[in-house]
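One structure is given here, and the rest of the page talks about it.
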Amino acid sequence: MKHSEIDKIELQHLQFEDYKEIKGVMVSAYSSMPDAYWKEHHIKSLIEKFPKGQVVIKINGQIAGCALSIIVDYDKFDENHTYREITADYTFDSHTENGDILYGIDIFIKPEYRGLRLGRRLYDYRKELCEKLNLKGIIFGGRIPNYHKYSKELSPKEYIEKVSRKEIHDPVLNFQISNDFHLARILKGYLEGDNASKEFAVLLEWNNIYYEKPIKKAATEKKVVRIGLIQWQMRSYKNVEDLLQQVEYFVDAVSGYRSDFALFPEFFNAPLMAQYNHLSEPEAIRELAGFTDEIVQRLSSLSISYNINLIAGSMPKIKNGKLYNVGYLCKRDGAIEMYEKIHVTPDEEKVWGMQGGNELKVFDTDCGKVGILICYDSEFPELSRILADEGMDILFVPFLTDTQNGYSRVRNCAQARAIENECYVAIAGSVGNLPNVHNMDIQFAQSMVFTPCDFAFPTNGIKAEATPNTEMILIADVDIGLLRELHEFGSVRNLKDRRKDVFELKKVSL
């Protein structure tokens, strides 16, 4: 049929009154399989059990194609099931509203309407239905009708591999793959009488990335997360109470905008070293480490009272006599978790005698999984890739840079991490000067939120950016759901397309 002859294309639920017309479509679609059409009682049963799962596509009022499906509790079936088993001997009593999988029973297009991509519309309907019903995904057994031409020389596995590499054309299998279905396994003896496929079929799956496992507790994981970045002004403070007062001011401000996270910069408490400026640099920072526990406890109290997750930049901490650069995630449920700077800079090691930490992990929060890398660590792509493999959605980078050169390293590496790991990256730094603190004289920062670079995100990969070298807060919303879609259907798929057969990255336990 020519496009110019089409006046109207409609997608409608199948009605029992359509049976005579549907039968004619089936007979013409399966001309190579005599009597391969559903009887009246089959269609009636499907409509009664699951009306939303039965849909037809009409062109100029005439049925051009149809898709039939049921919902099953897939755990009750063997992975090597047959068509007869999945349909309960063609009675469809296997359908259950409490199931977790939309199982494709049939899909067919009248020959004269092929080439109009009507099948894609029917599959898109199934996908939307799957998402609306919160099912895990779609599964069906796909025929391989050209296999009989190669069965004497190729096994089903070899045939499928050649079809996947486009060395052999199989109209059904090629179509399924182009519609985002992936091959799970080969089914033997799947459909009785399917001589063209030698009764073999390919179990095809489509995963619903928006599926949410039903939970009994009241809390739910957020899809749109609001991030508050604090571009912190370095200034003199009389004491720790004075500093904490300024901290609370910013926590109050970002929570007032209903932010889910507040990110402070690296060494935001450095001004407290001014009172120890008469000491050597290593001695002064060890004195600063004496405030860390008190500050963390106060931050935890603020996270609870202001109902916000606080990422406490970083602070010095002494463990077993050694000096480390660490930070704390203070969750709004009262939990406190610590993260460590793995790579200390040459300056941190030379001037302060600081040691690199060993622990790297993703943190579970009420807004998804987050990773935190302190400043220099963002310049080592292996770290964030490990976190991405553990399910990280947002990477937070508290930093402290004195020059624009140093800032550019952090900024450019952070944006690269967002692209290669298909995640959001938020960076926050300090601005201003500290003339009375050795080794902390000047700071340069521009806090930002980066995104992957694909159609659902800003074209330049920048969600939000602060004014350079100005004390302020930056608020930005990030949609976690867009990441799920990117992982499966992005223009490029950096995580999925890695050649793990060529290289391997793993975390070493110490």
Side-chain angles (χ1 to χ4, degrees), residues 227-232 234 261 263-268 311 313-314 325 327 339 341-349 356 360 370-389 392-432 442-470 472-476 478 482-483 486 490-495 497-498 503 505:
I227 298 171
L229 306 183
I230 294 144
Q231 192 155 283
W232 176 265
M234 289 294 198
F261 290 97
L263 174 63
F264 283 85
E266 180 183 23
F267 287 137
F268 69 96
I311 300 172
S314 82
N325 187 350
Y339 49 90
K341 190 171 187 178
I342 307 298
H343 302 89
V344 296
T345 64
D347 189 69
E348 286 176 299
E349 183 178 13
L360 178 69
V370 305
I372 307 169
L373 296 177
I374 302 172
C375 197
Y376 193 31
D377 279 342
S378 67
E379 299 175 31
F380 296 85
E382 298 88 350
L383 299 183
S384 56
R385 178 49 56 86
I386 289 171
L387 297 178
D389 282 340
M392 174 183 66
D393 297 312
I394 307 172
L395 174 63
F396 291 98
V397 180
F399 70 91
L400 173 68
T401 51
D402 52 358
T403 65
Q404 285 184 267
N405 292 339
Y407 166 73
S408 293
R409 288 193 295 269
V410 173
R411 180 226 184 278
N412 292 327
C413 288
Q415 185 162 25
R417 303 298 85 87
I419 294 170
E420 67 197 14
N421 295 306
E422 298 177 349
C423 67
Y424 296 107
V425 179
I427 66 173
S430 297
V431 300
I442 58 174
Q443 285 80 36
F444 182 93
Q446 183 181 18
S447 302
M448 307 183 80
V449 178
F450 299 108
T451 73
C453 290
D454 215 318
F455 297 118
F457 306 94
T459 55
N460 62 356
I462 300 174
K463 176 70 176 179
E465 53 188 328
T467 303
N469 264 12
T470 301
M472 63 178 292
I473 61 173
L474 181 66
I475 307 292
V478 295
L482 293 179
L483 297 180
L486 176 70
S491 300
V492 294
R493 297 173 296 182
N494 296 78
L495 291 177
D497 292 342
R498 282 175 295 162
F503 61 89
L505 178 64

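All residue numbers in this chain count up from 1 along the given sequence.
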[Y] and [X], any side-chain heavy atoms less than 4.5 Å apart:
| X | Y | value |
| --- | --- | --- |
| Phe457 | Lys463 | no |
| Asn421 | Leu395 | no |
| Leu474 | Gln231 | no |
| Met234 | Ile442 | no |
| Ile386 | Leu505 | yes |
| Val478 | Ile227 | yes |
| Leu400 | Trp232 | no |
| Asn405 | Phe444 | no |

query = Would you find more than 12 non-hydrogen atoms of other residues, nucleotides or ligands less than 6.0 Å from Phe380 atom CZ?
reply =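 More than 12 within 6.0 Å, yes.
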Main-chain N/O of [Y] paired with [X] side-chain donor or acceptor, under 3.5 Å:
| X | Y | result |
| --- | --- | --- |
| Asp393 | Val370 | no |
| Glu266 | Ile374 | no |
| Glu465 | Met448 | no |
| Ser408 | Gly406 | no |

inquiry  = side-chain contact (heavy atoms from CB on, under 4.5 Å), that's the test. Do Glu379 and Val410 meet it? Break it down for me.
reply    = CA-CA 7 Å; Glu379 299 175 31; Val410 173; 3.8 Å; yes
[atom2] on [Y] to [atom1] on [X], rounded to 0.5 Å:
| X | Y | atom1 | atom2 | result |
| --- | --- | --- | --- | --- |
| Ile372 | Ile394 | CD1 | CD1 | 10.5 Å |
| Ser430 | Asp402 | OG | CG | 12.0 Å |
| Asp454 | Thr459 | CG | OG1 | 11.5 Å |
| Phe268 | Gln443 | CZ | CD | 14.0 Å |
| Ser314 | Leu373 | OG | CG | 12.5 Å |
| His343 | Glu349 | NE2 | CD | 12.0 Å |

message = Show, in sequence, the C-alpha distance, side-chain angles and deciding distance for Arg409 and Tyr376, and conclude whether the side-chain contact (heavy atoms from CB on, under 4.5 Å) test is met.
response = CA-CA 9 Å; Arg409 288 193 295 269; Tyr376 193 31; over 6 Å; no
At their closest point, which heavy atom of [X] faces which heavy atom of [Y], and how far apart are they?
| X | Y | result |
| --- | --- | --- |
| Cys413 | Ser378 | CB-O, 3.6 Å |
| Met392 | Cys423 | CE-SG, 3.9 Å |
| Val397 | Cys375 | CG1-N, 3.9 Å |
| Leu229 | Ser447 | CD1-CB, 4.2 Å |
| Ala388 | Leu495 | CB-CD2, 4.1 Å |
| Ala464 | Ala476 | CB-CB, 3.9 Å |

For Phe450, ring-ring contact (aromatic ring centres under 6.0 Å, His included) partners two or more places apart =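 Result, ring-ring contact (aromatic ring centres under 6.0 Å, His included) vs Phe450: none returned.
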inquiry  = Once salt bridge (Lys or Arg N to Asp or Glu O under 4.0 Å) is applied, do any residues pair with Glu420, and if so which ones, sequence neighbours excluded?
reply    =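 In terms of salt bridge (Lys or Arg N to Asp or Glu O under 4.0 Å), with neighbours along the sequence ignored, Glu420 is linked to Arg417.
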ask   = What do the steps show when you test Leu387 against Leu360 for side-chain contact (heavy atoms from CB on, under 4.5 Å), and what is the final call?
value = CA-CA 8 Å; Leu387 297 178; Leu360 178 69; 3.9 Å; yes
request  = Take the angle between the ring planes of Tyr407 and Phe399 and call it parallel below 30°, perpendicular above 60°, tilted in between.
outcome  =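 Taking Phe399 first and then Tyr407, their aromatic rings sit tilted (interplane angle of 30° to 60°).
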